[in-house]
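A note on names: the letters A, B, ... follow the listed sequences, proteins ahead of strands, and every chain is numbered from 1. Just so we're clear, the structure is a prediction, and the values are computed from it rather than from any experiment.
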Amino acid sequence: MEGEKIEKKPYDAKEAEPRMYALWEESGFFNPDNLPKKSGKPFAVFLPLPNITGNLHMGHALNAAVTDILIRYHRMKGFDTVWFPGTDHAGIAAQNVVEKELKKEDTTRHKLGREAFMARVWEWKQKYGDIIMGQFKTMGASFDISRTRFTLDPAYAEAVADAFVHYHKQDLLYRAYRTINWCTRCATGISDLEVDYKEEEGVLYYLKYGPFTVATSRPETKFGDTALAVNPADERYKKYIGTEVEITTLDTAEEGKTVTVRLPVVGDEAADMVFGTGIIKVTPAHDIADFEIGERHKLPMLQVIDARGKMMNAGRFDGLKASEAREKVVAELRTAGLVEREEKYTRNLAVCSRCSTAIEPLPSRQWFLKMERLAKATLGALEKGETNIVPQNFAAPYKAWLENTRDWCVSRQLWWGHRLPVWFCKGNPVEQRVFGSATDWVERNYVVVKEKPEICPICRQCSMEQTEDVCDTWFSSALWPFAGLSHGDIKRFYPSQVLITARDIINLWVGRMVFSGLEFMKGVPFKDVFIHGTVLTKDGKRMSKSLGTGIDPLTLVEKYGADATRFGIVWQAMGTQDIRFDEAAVVAGRKFANKIYNAARFVMGRVGTAPSVQIDMSKASAADVLVLGRADETKKAVEAHLTVYEFGQALHALYDFFWHDYCDVYIEEAKNSPSSETDAVLYALLIGSLKLLHPFMPFVTESVWQELPNKEKSLLMVAEW
RNA sequence: GCGCGCAUAGCUCAGUGGUAGAGCGUUUCAUUGACAUUGAAAAGGUCCCAAGUUCGAUCCUUGGUGCGCGCACCA
């Protein structure tokens with residue numbers, strides 16, 4: 001009311017935010033089925049499955065903020081909008097976390113047993129699954145909680161089993177005995193993409209191998225050598241190809257003695273003429289490249305390191321850890337005069353991406369998904385523009401991976417995950433020999449079917465036994481855009497419009513979702529892939545818990561409010577650039593929220609209880625025309641920026657307009673221009689600004705909207721854009 | 001080794017083939033007026049270096065330097 005003093009107070013985010021979220025949830029509008037009018041135009045986004053292993057970090061906060069902007073924007077534009085939330089059981093990662101807990105209690109999963117251990121992981125899941133979803137809500141995420149899925153839900157698990165059986169029927173999935181990446185700590189095989197490399201100072205030993213000298217960093221594997229390889233074009237060694245050479249090596253039975261063994265020499269392109277001496281000792285059982293040489297030349301595999309990383313088949317070295325064996329072997333080789341020289345060098349040590357333990361390549365029976373056809377289809381979708389990667393420069397590495405990828409090892413020797421739908425015959429099993437690989441191996445008879453067969457179709461009498469192996473987590477998360485969804489939702493919302501994610505899982509997850517979608521849904525799962533930046537510390541370091549450089553977004557919410565936190569992140573999210581996160585931007589966000597709140601209070605006080613938004617342009621002043629023009633430009637700029645995922649740019653445009661054009665200039669002038677025309681412009685622009693700002697700062701805008709004297713609809717969240 | 005990104009104010013970053021911008025910080029002024037979580041103003045920049053294209057380059061090209069990242073079976 002005129003003359004009445006407006007109470008002096010700053011915006012209280014802490015009070016308003018939970019209240020607004022409750023209002024939204026009560027409305028049910030996060031669920032597109034409840035929207036007042038349905039347009040038939042879908043807009044769907046799938047939340048990139050957060051792991052149940054921890055709390056929200058800045059990467060999640062950025063992802064949630066930009067996704068929520070798009071979701072709210074499209075909802076206001078009248079799309080049938082849905083954001084699918086959910087969590088990932090995160091097989092190896094979750095199992096590790098719980099194992100760490102057990103270690104504190106001085107026990108292990110083996111002591112607990114499978115059942116009890118699984119119960120513990122489920123307990124963990126209940127707790128952290130809820131926590132992480134709650135944290136997304138705190139950030140204002142307007143996802144449809146009624147559509148929450150978890151990758152181990154029964155319906156989801158069924159889809160995983162279906163996929164496995166399907167691939168097997170299609171002859172894309174096979175079991176093989178191969179040298180794979182094995183983590184001795186996690187006690188499971190892992191895929192190529194789960195291997196990290198870290199530089200390590202090592203020694204390159206030049207060992208005497210009969211007439212040759214061979215460079216190796218792993219002398220302890222020499223007992224597993226089954227050949228030597230040279231490049232077929234190498235003039236130095238060409239003449240040896242196809243012959244056998246005599247090698248003097250350590251006797252594994254008696255210390256101080258040497259024995260002579262014979263090794264064939266093969267010609268293989270893998271031998272680099274300029275590295276070392278140009279000769280490779282081929283150990284197919286303990287090196288993946290060597291395994292491949294072995295495949296090409298039908299070499300036998302001789303395993304000398306077991307699944308715990310200890311020596312085997314190596315006589316008196318048996319039971320030693322590989323690293324201990326190395327020292328011992330080198331010492332003895334020196335004594336025997338079999339070491340020509342030693343060279344320091346840095347090598348890329350393969351480590352488990354989950355626990356950083358050195359990978360031990362080992363021969364193991366695993367399930368593999370043939371990648372050739374699937375990768376080709378994925379490349380096709382990329383080339384035809386069915387999937388569009390933003391920014392484009394991430395398409396090149398994605399392509400390179402698809403063009404070169406090996407078959408995917410999808411089985412894991414874990415407990416936490418989807419058991420494979422593989423059933424072994426146990427009564428009177430007929431063993432079969434499997435040929436066609438480097439080694440012949442004995443395989444139990446099995447069938448691949450979703451449900452346990454009533455009676456074994458092989459021996460016709462046993463009750464079958466399910467494999468202990470589980471699926472790679474990424475095999476199940478690859479099905480995320482459709483697994484466990486209702487037919488109705490698939491029909492309406494597949495494919496989704498955009499996948500918003502970080503660059504580190506482009507191959508691990510995005511590529512695999514695309515080929516899964518192509519295989520099972522006959523179409524890509526999303527049209528655009530937007531790769532947002534990585535949130536770094538202010539001095540450009542990676543945020544990491546262990547380094548203590550992480551910032552908890554919830555601490556920021558606590559201090560400044562969720563709107564301010566969203567503002568702070570998005571303010572710095574320029575295009576797809578990495579963000580050196582500066583808390584000052586969150587402070588600016590809090591100030592901006594306060595500005596919105598106070599400008600609104602001023603305008604409401606000024607325009608009274610029955611404001612008009614009718615603007616008669618013929619009576620408009622120069623100031624009116626100017627500010628209305630700027631408003632229009634701003635709206636267009638926001639829309640243009642959002643269509644190309646330029647969130648920071650959009651927010652900067654809004655900030656400039658609202659603070660400077662609307663508040664500093666127009667409102668200040670309006671104080672000297674008490675006309676009803678000005679009132680109409682003031683009020684119309686307030687309404688308009690709240691709408692434009694809502695996707696970015698949903699809480700403060702909604703709470704102001706709730707105070708408007710003549711709000712047209714109950715919620716700003718579903719107001720017309 | 002191959003590839004990608006970045007380099008602009010004290011800090012974090014926008015931006016443009018022609019006088020260089022924001023947020024935060026700094027300095028000065030303004031106070032019972034929506035907001036001091038404010039307003040007005042100011043200081044502060046060899047736009048990494050070099051060459052080239054151009055009437056004109058911070059922007060385009062090439063080379064270099066520095067930082068970050070991805071990929072790779074170098075035994």
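In this structure, A:Lys281 does not pair ionically with A:Asp287, as no charged nitrogen and carboxylate oxygen lie closer than 4.0 Å.
Taking atom P on both B:A43 and B:C4, the two are 42 Å apart, rounded to the nearest angstrom. Nucleotides B:A22 and B:U16, compared at atom P, are 16 Å apart to the nearest Å. Going from the P atom of B:C24 to that of B:C60 covers 30 Å, rounded to whole Å. Remark: the separation of the C1' atoms in B:G15 and B:C29 is 31 Å, to the nearest Å. Atom C1' of B:G5 sits at a distance of 16 Å from the matching atom of B:C48, rounded to the whole Å. Annotation: B:A72 and B:G3 have their C1' atoms spaced 11 Å apart (nearest Å). B:C2 and B:C59 are spaced 29 Å apart, taking the C1' atom of each and rounding to whole Å. Rounded to a whole angstrom, the distance from the P atom of B:G33 to that of B:G39 is 15 Å.
Residue A:Ala584 is classed as a sugar-phosphate contact, given heavy-atom separations below 4.0 Å to backbone atoms only. Across all strands shown, A:Ile506 has no heavy atoms under 4.0 Å from either base or sugar-phosphate atoms. Residue-level contact check: A:Ile667 touches the bases, meaning some heavy atom is under 4.0 Å from a base atom. In this structure, A:Gly533 reaches neither bases nor backbone, as no heavy-atom distance under 4.0 Å exists between it and the strands shown. Among the protein residues, A:Ala400 comes within range of no part of the nucleic acid, since none of its heavy atoms lies under 4.0 Å from any strand. Across all strands shown, A:Tyr655 has heavy atoms under 4.0 Å from sugar-phosphate atoms exclusively, and none from any base. At the heavy-atom level, A:Ile280 lies under 4.0 Å from base atoms of the strands shown.
Using bins of under 30°, 30° to 60° and over 60° for the plane-to-plane angle, the ring pair A:Phe530/A:Tyr645 lands in the parallel bin.
When distances are taken from the side chain of A:Asp272 to each of B:C74, B:G23, B:A40, the shortest belongs to B:C74. Distance from the side chain of A:Ala599 is smallest for B:A34 among the nucleotides B:A34, B:G23, B:G39. Nearest to the side-chain atoms of A:Ala588 among the listed nucleotides B:G23, B:A34, B:C35 stands B:G23. Side-chain proximity of A:Trp571 to the nucleotides B:G23, B:U12, B:A75 is greatest for B:G23. Listed nucleotides: B:A34, B:U12, B:C74. Nearest to the side chain of A:Gln572: B:U12. Considering only the side chain of A:Arg542, B:G70 comes nearest among B:G70, B:A75, B:U12. Across B:G39, B:G70, B:C11, the shortest atom-to-atom separation from the side chain of A:Pro397 is found for B:G70. Considering only the side chain of A:Ser217, B:A75 comes nearest among B:A75, B:G5, B:U12. Distances from the side chain of A:Arg503 to the nucleotides B:C69, B:G23, B:C74 place B:C69 closest. Ranking B:C35, B:C13, B:G15 by closeness to the A:Glu668 side chain, first place goes to B:C35.
If you take CZ of A:Arg580 and P of B:A7, they are 10 Å apart, rounded to a whole angstrom. Between A:Leu556 atom CG and B:C24 atom C1' the separation is 15 Å, expressed in whole Å. In this structure, A:Asp504 places its CG atom 15 Å from C1' of B:G5, rounding to the nearest Å. Between A:Met574 atom CE and B:G15 atom P the separation is 6 Å, expressed in whole Å. Between the C1' atom of B:A75 and the OH atom of A:Tyr237 lies a distance of 13 Å, rounded to the nearest Å. In this structure, CD1 of A:Ile505 is placed 15 Å from C1' of B:G70, rounded to the nearest angstrom. Straight-line distance from the CG atom of A:Asp539 to the C1' atom of B:G66: 16 Å, rounded to whole Å. Distance, A:Arg218 CZ to B:C73 C1': 14 Å, rounded to whole Å.
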For this session: Evaluate salt bridge (charged side-chain N to carboxylate O under 4.0 Å, His left out) for A:Glu269 paired with A:Arg296, printing each intermediate quantity in order.
Result: CA-CA 11 Å; A:Glu269 305 282 347; A:Arg296 288 193 283 270; over 6 Å; no
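A:Arg406 has a side-chain polar atom (N or O) that falls below the 4.0 Å cut-off from OP1 or OP2 of B:C73. Within the 4.0 Å cut-off from OP1 or OP2 of B:A34, not a single side-chain nitrogen or oxygen of A:Lys595 is found. The phosphate of B:C74 (OP1 or OP2) has no side-chain N or O of A:Tyr345 nearer than 4.0 angstrom. A close approach under 4.0 Å does occur between a side-chain nitrogen or oxygen of A:Lys671 and OP1 or OP2 of B:A34. Between A:Arg590 and the phosphate of B:U37, there is no side-chain N or O to OP1/OP2 separation shorter than 4.0 Å.
Under the Watson-Crick or G-U wobble criterion, with both distances below 3.5 Å, B:U32 is left unpaired in every strand shown. When Watson-Crick and G-U wobble pairs are counted only if both distances are under 3.5 Å, B:G70 pairs with B:C2. The pairing partner recorded for B:U37 is none, the criterion being a Watson-Crick or G-U wobble arrangement whose two distances lie under 3.5 angstrom. Using N1 to N3 plus N6-O4 or O6-N4 for Watson-Crick, or N1-O2 and O6-N3 for G-U wobble, each under 3.5 Å, B:G10 pairs with B:C24. Base pairing of B:C48 is made with B:G64, judged by Watson-Crick or G-U wobble geometry with both donor-acceptor distances under 3.5 Å.
Both cation-pi conditions hold for A:Arg341 and A:Tyr206: the charged atom is under 6.0 angstrom from the six-membered ring centre and inside a 45 degree cone around its axis. Cation-pi geometry between A:Arg503 and A:Phe394 is not met: the NZ or CZ atom fails to fall both under 6.0 Å from the ring centre and inside 45° of the normal. Seen from the ring of A:Tyr662, A:Lys595 does not count as a face-on cation partner, given the 6.0 Å and 45° thresholds.
Checked against a 6.0 Å centroid threshold, the rings of A:Tyr560 and A:Phe567 do not count as neighbours. If you look at A:Phe592 and A:Phe696, their ring centroids are not closer than 6.0 Å.
Each of A:Pro10 and A:Leu204 lies near RNA chain B, and the nucleotide nearest A:Pro10 is the one positioned closer to the 5' end. Between A:Asn348 and A:Ala215, the residue whose closest nucleotide on RNA chain B is further toward the 5' end is A:Asn348.
Applying the 3.5 Å distance criterion, the base of B:A14 shares no donor-acceptor pair with the side chain of A:Gln577. Within 3.5 Å, no donor on the side chain of A:Lys591 pairs with an acceptor on the base of B:A36, nor the reverse.
Between A:Thr213 and A:Glu340, the side chains place a donor N or O and an acceptor N or O closer than 3.5 Å (distance only, hydrogens not considered).
More than 12 heavy atoms of other residues, nucleotides or ligands sit less than 6.0 Å from atom CD of A:Glu383.
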